[in-house]
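One structure below.
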Amino acid sequence: MRTKQVNLLTSLVAAVLFSFSCFCISRMTQLSNQLINCRNHILEFKDNILHLRNKSEKTHQELSVAFSQIKNQFPGREHLSVHSAEKKVDENGAGSKLFEVLKYFFPHLRKVDRIYPDVILSKEKTGASFALGISTVNRGNHSYLKQTLTSLLSRMALSEEKDCVVIVSVADSNGEYLKSVVDMVTKKFQRQLRAGSLEVISIPTFFYPSTFQDKPSTELSQRLHHWQMKQLLDFCFLMLYAQPKATYYLQLEDDIIAKKKYLTQITDFIHNITSNNWFYIEFSAIGFIGKLFKSEDLIDFVQFFLMFYKDKPIDLLLGEIFRIKMCRSGESPEKCLDRNKDTHIYYKPSLFQHVGTRSSFSEKTQYLKDVDY
């Protein structure tokens, strides 16, 4: 009897040990697989970091080459002021201080000593009545910038030209595109450059959050959202640069035309407004085109746009900030607009028409027209 009990106990212990061994082997196998997966993730992360570093270095090299080519191509021209990212601009630092606001929204900029666009062509004009801002990116074989600048500059009086500054902001890391813009501007608009009425700046890639260096999403909606976010940031950077240059800031795009004497009509309209309490004035019904702001208010607008740049396109956020600041709680949008008709002003007919069919979002073709033009 005792022998049977011993054998039974031995068998039970052996079964327990065998089960435990199987369990340990299984756990060790799982742990090994997890370690292998972890190692693979680390290697993949390392490859991504190396890719981003190489891409950043390549972009920096392209821009450096473009800057060098610009310097060599236009030596000694009186009106040309070329600055690389390393060259000091805006000696008094007043303009660059405005860009400090970016550090509140983008942690990667907090260790950057000086945040300022690369000023390519500029007479550093200030004290103007109007600053006209145009952000431009490479659209491949389609470009409307020359047509846009020709329309804007040819349809203002010489006295108006002297009292404004048109700022072209190249928001594209492609050094060849930057060079092509500079080449076109210096050949076509020499008088405006000499007068300081036309400037070209470039937005450095380090301004943007690191997510803008990620591989494009496979989802169209995500790529569109990424484009809308970048467009908003491009406009904000341009607004900050333009803020100290003029009394008013007019937001335009690089694929529009203007009506004859448009600046005269804008000036007359502003002077005839009975109240100076207006929030912004719309001189076009499309998107963010033709929106006029008081330069003193631009910082408030920029801060609001940056706060919600991931949530909505900039033209929709413009409507949101109006409702937040001007509409009463529980008030209908229609009643709010009627009550604030002297604050949010629509000018008709529109002074600017959208002419581009190839969108700056490369996957989009659009035939959008302002019916009030």
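Counting all heavy atoms, side chain and backbone alike, N174 lies closest to E176 at OD1-N, 2.8 Å. Across all non-hydrogen atoms, the minimal contact from P117 to F207 is N-CZ, 3.9 Å. The two residues R139 and D255 have their closest heavy-atom pair at NH1-OD2, 3.3 Å. Here the closest non-hydrogen pair linking K125 and D163 is NZ-N, 4.1 Å. Across every non-hydrogen atom of I281 and W278, the tightest pair is CG1-CE3, 3.5 Å. Pairing each heavy atom of A131 with each of I167, the nearest pair is CB-CD1, 4.5 Å.
Residues F279 and I321 form a side-chain contact, since some pair of their non-hydrogen atoms from C-beta on lies under 4.5 Å apart. At a threshold of 4.5 Å between non-hydrogen side-chain atoms, the residues L98 and P244 count as touching. Residues L240 and V302 meet the side-chain proximity criterion, which asks for heavy atoms closer than 4.5 Å. Taking 4.5 Å as the limit, some side-chain heavy atom of L233 sits within range of a side-chain heavy atom of P209. Using a 4.5 Å cut-off on side-chain heavy atoms (C-beta onward), D172 and T136 make no contact. When side chains are defined from C-beta on, F130 counts as touching I266, because their heavy atoms get closer than 4.5 Å.
Remark: side-chain polar atoms of S295 are paired, donor with acceptor, to backbone N or O of A246 under 3.5 angstrom. A side-chain donor-acceptor contact under 3.5 Å links S151 to the backbone of A258. Checking side-chain atoms of H108 against main-chain N and O of Y208 turns up a donor-acceptor pair under 3.5 Å.
For K325, the NZ atom counts as loosely surrounded, since its 6.0 Å shell holds 12 or fewer non-hydrogen atoms of other residues, nucleotides or ligands.
K294 forms no cation-pi arrangement with Y248, by the criterion of a distance under 6.0 Å to the ring centre and an angle within 45° of the ring axis.
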After noting the C-alpha distance and the side-chain angles of I134 and L145, does the key distance pass the side chain to side chain contact (heavy atoms under 4.5 Å, CB included) rule?
CA-CA 9 Å; I134 302 171; L145 181 60; 4.2 Å; yes

Walk me through whether E253 and Y144 qualify under side chain to side chain contact (heavy atoms under 4.5 Å, CB included).
CA-CA 10 Å; E253 294 189 9; Y144 309 96; over 6 Å; no

Run the numbers on S284 and Y373 for side chain to side chain donor-acceptor pair (under 3.5 Å), then give the verdict.
CA-CA 8 Å; S284 172; Y373 179 76; over 6 Å; no

Chi angles and distances behind the side chain to side chain donor-acceptor pair (under 3.5 Å) call for T264, E160:
CA-CA 8 Å; T264 302; E160 293 172 336; 2.4 Å; yes

Starting from the C-alpha separation in whole Å, work towards a yes-or-no answer on side chain to side chain donor-acceptor pair (under 3.5 Å) for S197 and Q192.
CA-CA 5 Å; S197 300; Q192 290 83 0; over 6 Å; no

What's the verdict on side chain to side chain contact (heavy atoms under 4.5 Å, CB included) for R194 and Q190, showing C-alpha distance, side-chain angles and the deciding distance?
CA-CA 6 Å; R194 286 193 296 268; Q190 293 186 21; 3.7 Å; yes

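Cluster annotation: L153 is not connected to L158 through the hydrophobic network of ILVMFWY side chains, with a link wherever side-chain heavy atoms come within less than 4.5 Å. Grouping the Ile, Leu, Val, Met, Phe, Trp and Tyr side chains by contacts below 4.5 angstrom, directly or via other members, places Y249 with I299. Both F304 and Y104 are assigned to one and the same hydrophobic cluster, defined by single-linkage of ILVMFWY side chains at heavy-atom distances under 4.5 Å. Both F105 and F235 are assigned to one and the same hydrophobic cluster, defined by single-linkage of ILVMFWY side chains at heavy-atom distances under 4.5 Å. A continuous path of hydrophobic side-chain contacts links Y347 to I345 [ILVMFWY only; heavy atoms under 4.5 Å].
In this structure, the ring of F283 has its center no less than 6.0 angstrom from the ring center of F352. With ring centers used as reference points, H344 lies under 6.0 Å from F322. F106 has its ring centre less than 6.0 Å from the ring centre of Y309.
Comment: D183 does not engage K179 in a salt bridge, judged by the lack of any side-chain N to carboxylate O separation of less than 4.0 angstrom. Ion pair K312/E320 flagged as a salt bridge, since at least one NZ, NE, NH1 or NH2 atom sits closer than 4.0 Å to an Asp/Glu carboxylate oxygen. Using a 4.0 Å cut-off between a side-chain N of Lys or Arg and a carboxylate O of Asp or Glu, R191 and E161 qualify as a salt bridge. Checked for salt-bridge contact, E100 and K97 miss the test: no charged N lies under 4.0 Å from a carboxylate O. A salt bridge is defined here as a Lys NZ or Arg NE, NH1 or NH2 lying under 4.0 Å from an Asp or Glu carboxylate O, and K245 with E124 fails to meet this definition. With respect to K291 and D315, no salt bridge is recorded, no charged nitrogen being found less than 4.0 Å from a carboxylate O.
The stretch residues 295-344 participates, sequence neighbours left out, in these disulfide (SG to SG under 2.5 Å) pairs: C327-C336.
When the side-chain contact (heavy atoms from CB on, under 4.5 Å) test is applied to D372, the partners found at least two apart in sequence or on another chain are A285, K348, S350, D370.
Looking at L132, L238, L149, I201 one by one, the single match for side chain to side chain contact (heavy atoms under 4.5 Å, CB included) with V168 turns out to be L149.
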